[in-house]
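Written out below as structure tokens is the structure these notes cover.
On a predicted model such as this, the values are computed, not experimentally measured, just so you know.
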Amino acid sequence: NGSSAVGTFFLRFVGFDRFNVVTSATAKVFEARCYFDGLIAAGTVKLSTGQNFLDEYCIHGQEGLDISHDNYFQLGTIASTEFVENCGPSAIHCTPDQNPGIVPAFREQSLNLSKTTSIGLYTDILLNGYSDDPSLYRVNDYVASLVFNYEYDPGGEAPTDTSLPILTLDHWKTFSPKPNEPLDVRSLDPSKINVIDCGRNGFDVKLDVELEIVDGVEEEFTLEHIVIVGKGCDFTFDSSVNFADAIIATTATGNQTFSGSSGVVLGDDDGCTQGGEVTLITAGSVSFAAKLSAYDVEIIAADDVHIAAKANDMGQHWGTSVTAGGDIQVTTGHTFHGCEGQTVSVFDSIKSWALVL
């Protein structure tokens with residue numbers, strides 16, 4: 001409840017200077033759907049042709065949407081930016097003739113991009129131990145669930161005490177690979193935080209494995225329940241390794257801090273059930289220049305994210321969540337499915353509020 005004085009015009013000549021107006025409003029606090037499965041950019045979301053957005057998926061460009069043609073938005077999806085005039089590159093591109101479904105999907109809104117400003121705090125926790133900041137307890141809880149097999153409740157409240165373990169040096173395993181030398185992921189330890197130290201100048205580390213051949217066929221290899229932190233490292237994913245239940249973070253600030261060969265699979269193709277999530281966190285940019293299949297994957301980048309696809313071969317994404325401090329560019333044929341259960345974030349849920357009548 002509140003009151004406000006509203007000044008008068010003619011009535012002030014007879015000594016009546018103001019009205020007291022009393023009104024009330026109700027504030028609704030909620031978790032916006034766009035903070036889960038979606039492409040959320042502080043800059044511009046740039047889409048070339050042939051993208052499909054299904055199952056209430058969300059795209060948002062705070063500074064604009066730059067959309068080519070033949071992109072399909074299923075009823076219930078969201079395409080948003082702060083101002084309607086930022087949907088382009090020209091008004092004709094934001095019409096059903098050019099991009100079917102975009103008119104009912106479009107809305108004006110402004111979103112909170114605080115995830116990208118928390119990257120430094122999060123990587124500091126992984127590299128240096130427990131944080132006393134209560135807002136980061138849930139982050140520690142998720143890491144602890146991977147490293148120490150603690151039960152993790154993604155819908156639970158952040159703990160109010162310090163019962164979670166303080167990380168000591170015993171909880172780390174450090175690697176110092178040579179520049180551009182492949183790293184055999186079999187050497188990583190699921191019971192520890194694996195720190196890859198790439199030195200002051202940094203370099204690229206290829207996450208690789210030598211596959212075993214059984215009856216003339218290479219066996220698939222999945223790396224599960226793993227936490228990897230790069231100090232100045234760029235990481236290249238190889239199609240020989242699938243990742244599930246993994247957190248991979250890096251302090252590198254370059255243009256391709258995460259990249260991959262064609263056919264990289266991240267996450268567990270489990271039909272959107274909980275478990276198998278993969279989180280990539282970087283202080284730089286992400287660029288997958290070939291086909292990427294992602295299942296319950298969260299990418300948080302301080303700068304740009306670029307996802308391309310191999311020609312004539314659709315990239316499949318189920319529950320993919322991308323938050324970028326710069327632009328997000330998607331090229332050449334991807335299908336993005338939202339997941340009813342919503343991708344589990346390593347960060348606390350972002351709360352939105354609105355006044356309702």
Side-chain angles (χ1 to χ4, degrees), residues 33-34 36-41 45-60 67-79 99-102 105 207 218 220-224 235-248 258-280 286-301 305-324 328-345:
R33 176 153 45 90
C34 283
F36 292 95
D37 299 336
L39 307 177
I40 314 299
V45 175
K46 303 176 181 180
L47 303 176
S48 66
T49 61
Q51 322 302 337
N52 296 301
F53 300 99
L54 312 174
D55 307 317
E56 300 186 348
Y57 200 81
C58 176
I59 66 168
H60 174 82
I67 304 176
S68 186
H69 58 85
D70 294 329
N71 298 289
Y72 171 69
F73 297 84
Q74 189 180 61
L75 187 63
T77 57
I78 294 174
N99 292 286
I102 193 171
L207 300 174
E218 287 186 336
E220 293 184 354
F221 180 83
T222 299
L223 188 63
E224 298 181 284
F235 288 110
T236 299
F237 296 90
D238 188 79
S239 59
S240 62
V241 185
N242 295 352
F243 287 86
D245 278 319
I247 296 175
I248 306 173
F258 291 121
S259 60
S261 59
S262 179
V264 169
V265 177
L266 299 176
D268 189 2
D269 184 7
D270 55 9
C272 289
T273 59
Q274 286 192 2
E277 292 86 6
V278 173
T279 301
L280 307 181
V286 176
S287 180
F288 284 94
K291 181 188 175 185
L292 168 68
S293 296
Y295 307 95
D296 286 334
V297 171
E298 181 177 33
I299 299 174
I300 304 169
V305 175
H306 177 211
I307 303 174
K310 187 178 180 180
N312 302 317
D313 196 356
M314 296 288 287
Q316 293 292 328
H317 305 267
W318 291 82
T320 298
S321 172
V322 180
T323 306
I328 297 176
Q329 182 176 3
V330 183
T331 61
T332 318
H334 290 258
T335 297
F336 292 88
H337 302 261
C339 280
E340 184 178 351
Q342 302 170 330
T343 300
V344 176
S345 175

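- Every residue two or more places apart in sequence or in another chain that forms a side-chain contact (heavy atoms from CB on, under 4.5 Å) with Val305 is listed here: Val286, Ile299, Ala301, Ile307, Val322, Ala324, Ile328.
- Rounding to the nearest 0.5 angstrom, the gap separating the OH atom in Tyr295 from the CG atom in Asp268 is 10.0 Å.
- The structure places CG of Asp70 at 12.5 Å from CG of Leu47, a figure rounded to the nearest 0.5 Å.
- Cys34 pairs by the side-chain contact (heavy atoms from CB on, under 4.5 Å) definition with Ile40, Cys58, Ile78, Gln109, Leu111, not counting sequence neighbours.
- Listed by chain and number, the residues in a ring pair (Phe, Tyr, Trp, His ring centres under 6.0 Å) with His337 are Trp318 (sequence neighbours excluded).
- When the salt bridge (charged side-chain N to carboxylate O under 4.0 Å, His left out) test is applied to Asp55, no partner is found at least two apart in sequence or on another chain.
- With rounding to the nearest 0.5 angstrom, the CD atom of Gln51 is 8.0 Å from the OG1 atom of Thr335.
- For Asp238, the side-chain contact (heavy atoms from CB on, under 4.5 Å) partners at least two apart in sequence or on another chain are Lys206, Asp208, Ser240, Ser261.
- Without hydrogens or angle criteria, Asp37 side chain to Cys339 main chain gives a donor-acceptor distance under 3.5 Å.
- Note: Phe243 CZ to Leu207 CG = 4.5 Å, rounded to the nearest 0.5 Å.
- At least one side-chain heavy atom of Asp245 sits under 4.5 Å from a side-chain heavy atom of Glu277.
- A distance of 10.5 Å separates CZ of Phe235 from CG of Leu280, quoted to the nearest 0.5 Å.
- Summarising the geometry, atom OH belonging to Tyr72 is positioned 13.0 Å from atom CD1 belonging to Ile102; distances are rounded to the nearest 0.5 Å.
- Not counting sequence neighbours, the partners of Asp270 by the side chain to side chain donor-acceptor pair (under 3.5 Å) test are Thr273.
- Taking Phe336 as the reference, Phe53, Tyr57, His317, His334 meet the ring pair (Phe, Tyr, Trp, His ring centres under 6.0 Å) condition, with sequence neighbours excluded.
- Residues passing the side chain to side chain donor-acceptor pair (under 3.5 Å) test with Thr331, sequence neighbours excluded: none.
- Taking the side chain to side chain donor-acceptor pair (under 3.5 Å) definition, one finds that Asn99 meets it with Asn71, sequence neighbours left out.
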